[in-house]
Amino acid sequence: MVYLKYVSKNLEEILAGSLLLVMVTIAFVNVVSRFTFQFSIAFIEELEIYLYVWLVLLGSSSAFKRWKHLSVTILVDRFPQKMQKGINILISVFTISFFAILFYYSLQQVRMERLMGVTSTSMDVPMWFYTVGVPIGCVLIIIRLIQRIIFLAKEGGSQA
Amino acid sequence: MSFNDPAMWTVLIVVITIALKVPIAISLGMTAVMIALIWGTGISMISYNFFGGIAKFPLLAIPFFVMAGVIMEKARLAEKIIDFIKLLVGPLPGGLAVATIIVATLWGAVSGSGPATVAALGVILIPGMVRSGYDKGFATAVTSVSSGLSIVIPPSIAFIIYGMITNVSVGSLFIAGIVPGFLIALFLCIVTFFISKKRGYKGEPWGKPVEIWNAFKGAIWGLLTPVIILGGIYGGIFTPTEAAAVAVFYGLFVGVFIYRTINFKTLYSICVSAAETTAVVMLVVTCAGLFSWVATIFGLIQRASTFILAISDTPIIILLFVNVIILLAGMMLDAISVYYVFLPILLPVMAIMGWDPLWFGVVMTVNLAIGQVTPPVAVNLYVGSNIADISLERLAKQALPLIGAAILALILIMYAPQISLYLPRLLGLYR
């Protein structure tokens, strides 16, 4: 139970952190193998690039949880507390709508790629293995944002 | 300007949402989505462009350089470099402040981002200066401004993004940033020296040769990092992305086996923090990409370019105008959004004016770096004021002479392209 709670709280961090470690390791192995065996593993570049998309979506979700994304706070910081709280909730709703739209169209993209049997250029893997990271990431981000709205409404803090 | 003008709405939505604290990435992305939805053009491409905005090999250098920076920070390399530099320049009036600028500049050669450098160095250097009798505001200003400007020193996320958009080689940009980066540091040192002299900030006692040698031995592992990165790229051995991956493993080797400061637990927190920082940068990258794509479709970009070109017949006036705009934009927004929003506008201007893209990359990056330490927004000052626990106003006042020195350096870099282009040409990286 304790583990389960930890994982559900830190799911994105665990996944994104491990993904980064894997990516940097295979990039390094590729450099080393190019030097020692004069042999560069061709599909590694492709794998890394597409894992990168997953990394960005998962990392974004974890950054939304702590509200780390860059924003210009100078104006809103001068508003009264109550108004700030309202604005913070509105911003979260606005952000959710962006990821909801992105979710819809990325799902279309995944369906299209499955339908047409699109495969990646060097590994010949179904392309949607990679692109499905976008809708999954959108869902995670939307969940974290809903959690944030509930938190803001309950605790009522103006702090982000 | 009519009610039905998508270009006008694009500008309006972006300005209002950013002012109302919407994350910059979301503001840019949502504007693109709304305009495309309402005017019915290209919305089905949104997902392809979002995906494609991330899936690019040169951008892969960002997580690796970020990770290398976090590793060096967690390996407590900063202390070692500080100890060494302090012994070298400490005895000067304001020696500790001058040492701070030099360390920040060197740290810029390890880490690719300004606020991360303020955070890594500020926690050690600001209390150190305050203990030696420096004004807290001044100590924080020196740390924040010099760290912010260190993004001109390679490796730098800013150069990777600029190279990506303009098709200028990232390796050449890195080399082109070296001399301007040190020039800015020199200007900052001179101003700091005179302010310290006037206010009577004393230097540190002289170090014994043995002490200096020991400090050097401690710091050399960290100081070798830029040599590996730049040497590898320049020697044609690595691409910048590969150099970044090598820097990560070099840093891990130093942290685990030599300084013994990194274990499994720190490695986990390094990975998480680097992944998160990368995501924050990359969400801006891909959403700003959506924005500039929509702005191109609806003719906003072309109109802005035409407007800039029509301002004057004198090239120098256009150059100054462009730089003032970039400076103002950099004061409000992060550097990456500015590249994505303004470079598509500026590329045709650069072509017509015959501006060298490599030189312009350095000028724009220096300019944006200054914007990042100039109020009202000033991310770097913000991080500094948090660390030192002083008000942004007090900090900003102390930062002004330093910002002035940086602007002077910028004018020189703008006026004499040789400062940026000499080294890449000497190394045969650039025609």
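Each chain gets a letter, A, B and so on, in the order its sequence line appears, and its residues count up from 1.
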Top contributor to chain B contacts, counting heavy-atom pairs under 4.5 Å, from Ser71(A), Gly133(A), Ser97(A):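 Ranked by heavy-atom pairs under 4.5 Å with chain B, first place is Ser71(A).
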Tell me which of these, Leu19(A), Ile101(A), Leu70(A), has more heavy-atom pairs under 4.5 Å with chain B than the rest. Leu70(A)
Give every donor-acceptor pair under 3.5 Å between a side-chain atom in residues 51-60 of chain A and any protein atom, sequence neighbours left out.
| residue | atom | partner | partner atom | Å |
| --- | --- | --- | --- | --- |
| Tyr52(A) | OH | Leu59(B) | O | 3.0 |
| Trp54(A) | NE1 | Tyr130(A) | O | 3.2 |
| Ser60(A) | OG | Val56(A) | O | 2.9 |

Going by residue number, which parts of residues 107-115 of chain A are within reach of chain B, meaning a heavy-atom gap below 4.5 Å?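 Listed by number, the contacting residues are Gln109(A), Met112(A), Glu113(A).
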CG-SG distance between Leu21(A) and Cys271(B), expressed to the nearest 0.5 angstrom: 4.5 Å
To the closest 0.5 Å, what do you measure between NZ (Lys21(B)) and CH2 (Trp67(A))? 8.5 Å
Heavy-atom proximity to chain A below 4.5 Å, by part of [X]:
X: Leu290(B); result: side chain
X: Val284(B); result: side chain
X: Phe50(B); result: side chain
X: Val248(B); result: side chain
X: Met45(B); result: neither
X: Thr286(B); result: neither
X: Val33(B); result: side chain

Quick one, Phe64(A) with Ile26(B), criterion side chain to side chain contact (heavy atoms under 4.5 Å, CB included). Give me CA distance, side-chain angles, the key distance, then yes/no. CA-CA 11 Å; Phe64(A) 270 117; Ile26(B) 303 305; 3.9 Å; yes
Verify side chain to side chain contact (heavy atoms under 4.5 Å, CB included) between Thr277(B) and Lys68(A), making sure each step is shown before the conclusion. CA-CA 9 Å; Thr277(B) 308; Lys68(A) 285 259 192 76; over 6 Å; no
So which heavy atom on [X] is nearest to which on [Y], and how close?
X: Phe64(B); Y: Glu48(A); answer: CZ-OE2, 3.9 Å
X: Leu60(B); Y: Met23(A); answer: CD1-CE, 3.6 Å
X: Pro63(B); Y: Leu20(A); answer: CB-CD1, 3.8 Å
X: Val76(A); Y: Ala19(B); answer: CG2-O, 3.8 Å

Proximal component of [X], with respect to chain B [non-hydrogen, under 4.5 Å]:
X: Tyr50(A); answer: side chain
X: Phe79(A); answer: side chain
X: Ser92(A); answer: neither
X: Ile87(A); answer: side chain

Between Tyr48(B) and Tyr105(A), is the ring centre distance below 6.0 Å? no
With chain A, the option among Ile43(B), Ile46(B), Thr241(B) that has the most non-hydrogen atom pairs under 4.5 Å is Ile43(B)
For Asp389(B), I'd like to know if atom CG has over 12 heavy atoms of other residues, nucleotides or ligands within 6.0 Å. no
So if I apply the ring-ring contact (aromatic ring centres under 6.0 Å, His included) rule between Phe28(A) and each of Phe249(B), Tyr250(B), Phe253(B), which one comes out positive?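 Only match with Phe28(A) under ring-ring contact (aromatic ring centres under 6.0 Å, His included): Phe249(B).
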Validation row: Phe51(B), Met127(A) side chains within 4.5 angstrom (heavy atoms):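 SC-SC contact between Phe51(B) and Met127(A) confirmed.
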Mind running side chain to side chain contact (heavy atoms under 4.5 Å, CB included) on Leu283(B) and His69(A) for me, showing each step along the way? CA-CA 9 Å; Leu283(B) 193 66; His69(A) 286 281; 3.5 Å; yes
Partner residues of Ser106(A) under the side chain to side chain contact (heavy atoms under 4.5 Å, CB included) criterion, sequence neighbours left out: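 Testing Ser106(A) for side chain to side chain contact (heavy atoms under 4.5 Å, CB included), a comparison that skips the adjacent residues, returns Val134(A), Pro135(A), Ser47(B).
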Pairs satisfying salt bridge (charged side-chain N to carboxylate O under 4.0 Å, His left out), at least one member in residues 13-29 of chain A, at least two apart: Glu13(A)-Lys65(A), Glu13(A)-Arg66(A)
Please walk me through it: do Glu242(B) and Arg34(A) pass side chain to side chain contact (heavy atoms under 4.5 Å, CB included)? CA-CA 11 Å; Glu242(B) 289 174 332; Arg34(A) 209 181 69 211; 2.6 Å; yes
